[in-house]
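Accompanying notes for the structure given below.
So that the names make sense, note that chain A is the first sequence line, chain B the second, and so on, each numbered from 1.
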Amino acid sequence: MMGRWTRLWIAAGLMALSGASHAVLTIEITRGAETGQPIAIVPFKFDGKGAPPQVVSDVIGADLTRSGRFEVLPAKDYVSRPHEDKDVVFKDWRILKAEALVIGGVRALGNKQYQVQFRLYDVFKETQLAGYRYTVSESMLRTVAHQIADIIHEKLTGEPGAFNTRIAYVTQDGTARTGTHKLQIADSDGFNPITVVSSREPLMSPAWSPDGQQLAYVSFEQKRSKVYLQNVIDGRRELVAEFSGINSAPAWSPDGKQLALTLSKDGNAEIYVLTLRSRALRRITNDPAIDTEPAWSPDGRTLVFTSDRAGRPQLYRVSADGGRATRLTFEGEYNARASYAPDGRSLTLVSAYRNQFRIATLRLDSGALQVLTDTTLDESPSFAPNGRMILYATEVRGRGVLASISAEGRTRQLYRFEQGDVREPAWSPYNRELQQAPGGAKE
Amino acid sequence: MKFRMLWIGLAVAGLGLAGCATTDKKEGEGAGAGAETSGAGGPGGAGGAAVGAGARADLLAKRVVYFDFDSTTIDDESRSIIEAHAAYLAANPALKVRLSGHCDERGTREYNLALGERRAQSVEKLVRVLGVAASRVSNVSYGEEKPVCAEHNESCWRQNRRVEISY
């Protein structure tokens, strides 16, 4: 497996370019032998004084590379560097075997306002595929870049991109016993982190509501596990589960009205569904084994969960109304913490063989299990809302870090933080608010 | 029968005091536990426990029991430790005991939270069988969230798969 991989080190990359001292630096991309669609992105022209506040074209290139579906051709090889439609010479790009070309620019309008414009071309057909102009404040420049990357992804692959989304994760500074635990959210590339909660006690299991406005999570701030919901926009929060025993593993139903949970109030860990408005609680499992880590199918009818009822942890599926559970996984010693792909046809999960914990996908029609990673302490996988990438936690040189892998396992990228351990990432759903904010106009 | 149980309890109570006083300094584990314990001992120990007195004190000095990976089975050594604490608690009815279950970092976090609870419950069951009233025992699970050792190797993992006994 390793032989097929080539390693590209991109050191001192985005951080230096962005100039921002934010917590995240993406440093390493591991890529399979097959490459993605070749695309040229001409570094955007900046029309204004000083250095451009955010290098929009670099953010676009990093997004497209991370998806595993594109090979961004190095700018040093470009024969010409057009910024305007009239300057594009398609022959220059056919020489490089670029199939698509992106040009554009950023213009300072004063008052920290900027105009961003871009055009996407099909090099062989010599046609423009997309072109938009946006007027935004400085703080929205990265958001616009992610939005442009989403448009390029959709025009070239036929599937929506998921760059203009967010991730939630847990960080820990210092030791588990004396350090600080934080629940944070950031852009999908790890930039612009915001702390949602900070605690001296552990935080666990962040889960996005389907509208992307709330997080459910577990906090030990009252010296044992309790489940909270918190609005990420105004910070309001409520305690929704403080039963005796453990209160764990919250998962939102696709309509956002119910929360699946693990509670041990009746003696051992079982799956329950809590209706948020009425606070009615419905018990789903009833087995002396551990039942936990519920995940909803996208149609809301089914729950997949982890149980050790057969001895070791394996995945099971049960109706969201309860009833008899059927076992889903048979390969490997330990299969746990599943979550559904957005199309409902596969799961991503943690799969262990000889105590090597790796990220895998399971096809629900065939039962085929595909292990995607080759590290040993991988956990907490979740799909991007377009189903093309999986975000998970791993360990590098003794530290917890986040990583993403393309869903077919071809491209892996590490998100490296400046300090502390980072873990339990959860990819947000599409965020309508973020998508609409900049309001582009067609070019 | 009743008389005999009480007699053992008293003997252990006296020894328990000595044990705790020395160990809490050493381990720094479960801060405050030592302070609560001393002074709550009741009437001092009888001479009848001369056999194995040192061993019993050693057992009471241990406030952590360890487990195998993904296991909640209490081994013989842990059983002796738990028996010693149960006897001490039987002799000190004012004390309440808290059992906190922990796991190593391998495996998923939410599963480990349930596993840590099951470890604490298996110790709780034994403590209750040994005569400590349910109302005096509580358990909490921290899963893999509070390791005592942060390295990624078996010697560390072994230390993290544990139930801490505090009273």
Could you check which of [options] has the highest count of heavy-atom pairs closer than 4.5 Å to chain B?
options: N268(A), D308(A), T262(A); answer: D308(A)
options: E395(A), H181(A), R312(A); answer: E395(A)
options: S244(A), G245(A), S264(A), A393(A); answer: S264(A)
options: S225(A), G398(A), A269(A), S380(A); answer: G398(A)
options: P313(A), S307(A), S248(A); answer: P313(A)

Tell me if the aromatic rings of Y272(A) and F243(A) count as close, with their centers under 6.0 Å from one another. no

Taking the six-membered ring for Trp, is the centroid-to-centroid distance between F383(A) and Y340(A) below 6.0 Å? no

Among E145(B), R109(B), E144(B), which residue satisfies the side chain to side chain contact (heavy atoms under 4.5 Å, CB included) criterion with P202(A)? E145(B)

What residue among V129(B), I74(B), L99(B) forms side chain to side chain contact (heavy atoms under 4.5 Å, CB included) with I82(B)? I74(B)

Please identify which of these residues, R161(B), R158(B), K146(B), R119(B), meets the salt bridge (charged side-chain N to carboxylate O under 4.0 Å, His left out) condition with D104(B). R161(B)

Below 4.5 Å from any heavy atom of chain A, which atoms of [X] appear? Answer side chain, backbone, both or neither.
X: Q121(B); answer: side chain
X: R106(B); answer: both
X: Y142(B); answer: both
X: A114(B); answer: both

May I ask you to decide if the ring planes of Y217(A) and Y228(A) are parallel, tilted or perpendicular, using 30° and 60° as cut-offs? parallel

Relative to each other, are the rings of Y167(B) and H85(B) parallel, tilted or perpendicular (30° and 60° limits)? perpendicular

Heavy atoms under 4.5 Å from chain B: which residues of residues 289-296 of chain A carry them? A289(A), I290(A), T292(A), E293(A)

Would you mind checking which part of [X] comes under 4.5 Å of any heavy atom in chain B, side chain (CB onward), backbone (N, CA, C, O), both or neither?
X: A249(A); answer: both
X: S205(A); answer: both
X: I246(A); answer: both

Nearest 0.5 Å please: distance from the CG atom of N247(A) over to the CG atom of L239(A). 8.0 Å

With a 3.5 Å distance limit and no angle check, can you tell me whether N92(B) reaches the backbone of Y88(B) through a side-chain donor-acceptor pair? yes

Run the side-chain contact (heavy atoms from CB on, under 4.5 Å) test against Q356(A) and tell me which residues pass, sequence neighbours left out. R358(A), T376(A)

Close side-chain approach of D378(A) to F357(A), heavy-atom, < 4.5 Å: no

Quick one, L303(A) and Y316(A) - any side-chain contact, counting heavy atoms below 4.5 Å? no

Answer key: most heavy-atom pairs under 4.5 Å with chain A among N139(B), V140(B), L113(B) is L113(B)

